[in-house]
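Working notes, structure below.
We name chains A, B, ... by the order of the sequence lines, and we start the count at 1 in each one. Bear in mind the structure is a predicted one, so any value in this text is a computation, not a measurement. Basis for what follows: all heavy atoms, side chains included, without hydrogens, waters or symmetry-related copies.
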Protein chains: 2
Amino acid sequence: MTLKEYKEQDIADYLKKYGIKPSYQRIKIFEYLRKTKSHPNVDVIFKEIVKVIPTLSKTTVYNTLSSFIEKGIVAVITIEENETRYDADTSMHGHFKCKSCGKIYDFDINFSRDDIDDLGGFEVDEKHLYFKGNCKNCLKNK
Amino acid sequence: MTLKEYKEQDIADYLKKYGIKPSYQRIKIFEYLRKTKSHPNVDVIFKEIVKVIPTLSKTTVYNTLSSFIEKGIVAVITIEENETRYDADTSMHGHFKCKSCGKIYDFDINFSRDDIDDLGGFEVDEKHLYFKGNCKNCLKNK
DNA sequence: ATTTAAATTTGTAATGATTACAATTTAATA
DNA sequence: TATTAAATTGTAATCATTACAAATTTAAAT
């Protein structure tokens, strides 16, 4: 058994654990989301996976992402209008989008403060935080 | 001079201050954004203002909002994909979107903590925070 | 006041991401 | 192997946004 197959088996098990039948397409899409850190959009995901699965349809990418989101193993990033991106890291973290190069960075946050948590009788399921500005690299190149 | 005209004059002055020529359309759109607290989308804004300006075009609403955003007197709210909303309150505050009724609430936040502010050489221009869940009203009605 | 130029508004068409849906293919079960 | 269900695919429809040119309004100049 090769190392590659071994990793795919891990992903298959992970998908099963969350009630998703691990088809080849689903494994490949999730694998890509896990290893990439660029928070890709549907088009980027499609263009990448279609190299491996030439018959892949963009509808499958949409369907697959929908089920991932529904099961809670992928998070949607909506920073810019008309630019939906996806993130396989569902742990609590913030996003920084560089207005110059467009890159999205992750950063750690801590939402433990009571004055943010206490919304007086509201039930909070998701917390999203994102900043916009200019990244280190772009500032350097000016 | 009526009270209504007086308020419109205030808005006209405000727009001028930010380098926007205060046309009737622009005044009405900004006035509506200022008084409403529901963070409306383009369609809602259009449907409301067209009652007063029957010749209004949706393109004008888009153009006007773009210039408001460019000048920094209106903020874009992108919580849901394909649901861009607008807010004339550009002061720092968070948004809570109820998954049940869809309503967006404002809440106060304080971003003074160093561990959130310090992104190590990154220049932060905008900070956005939003939560999702179920609001007080919807929880009560269950 | 009239003319000219610039800015704004308007309407229609184009774009592009997402969704709907039916047909095809694949996988699971008997 | 035959049957059924699930997943994938491709095409068409939808819907928000943008592009763009024509019409209108406003401002400036004469």
Between B/K99 and A/D125, does at least one N-O distance fall below 4.0 Å, as a salt bridge requires?
yes

Which protein N or O atoms sit under 3.5 Å from an N or O of nucleotides 4-7 of chain D?
{"from": "D/dA6", "atom 1": "O3'", "to": "A/K21", "atom 2": "NZ", "distance (Å)": "3.3"}
{"from": "D/dA7", "atom 1": "OP1", "to": "A/R26", "atom 2": "NH1", "distance (Å)": "3.3"}

B/I20: which of B/Y14, B/F68, B/F30 passes side-chain contact (heavy atoms from CB on, under 4.5 Å)
B/F68

Salt bridge check: are B/K35 and B/E48 linked by an N-O gap of less than 4.0 Å?
no

Are any of the side-chain nitrogens in A/E31 or A/R26 under 4.0 Å away from the carboxylate oxygens of its partner?
no

How many Å lie between CG on B/L15 and P on C/dT8, as a whole number?
12 Å

If you take any heavy atom closer than 4.0 Å to DNA chain C, which residues from residues 45-56 of chain B end up in contact?
B/T55, B/L56

With the side chain counted from C-beta on, respond yes when B/V61 and B/L65 share a heavy-atom pair under 4.5 Å apart, and no when they do not.
yes

Students often mix this up, so state it plainly: with edges at 30° and 60°, are the rings of B/Y130 and A/H128 parallel, tilted or perpendicular?
parallel

At 4.0 Å (heavy atoms only), tell me whether B/N41 reaches a base, stays on the sugar-phosphate, or touches nothing.
nothing

Salt bridge present between A/D89 and A/K37 (N-O < 4.0 angstrom)
no

Length of the CD1-C1' vector between A/I69 and C/dT18, whole Å
12 Å

Rounded to whole angstroms, how far apart are CG on B/N63 and P on D/dC20?
13 Å

Salt bridge present between B/D43 and B/K47 (N-O < 4.0 angstrom):
yes

Scan nucleotides 16-19 of chain D against the protein and return all N/O pairs shorter than 3.5 Å with their distances rounded to 0.1 Å.
{"from": "D/dT17", "atom 1": "OP1", "to": "B/T84", "atom 2": "OG1", "distance (Å)": "3.0"}
{"from": "D/dT17", "atom 1": "OP2", "to": "B/Y62", "atom 2": "OH", "distance (Å)": "2.6"}
{"from": "D/dT17", "atom 1": "O5'", "to": "B/Y62", "atom 2": "OH", "distance (Å)": "3.3"}

Give a yes or no on whether a salt bridge exists between B/E81 and A/R85, defined as a side-chain N under 4.0 angstrom from a carboxylate O.
no

Rounded to the nearest 0.5 Å, what separation is found between the CD1 atom of B/I49 and the NZ atom of B/K58?
13.0 Å

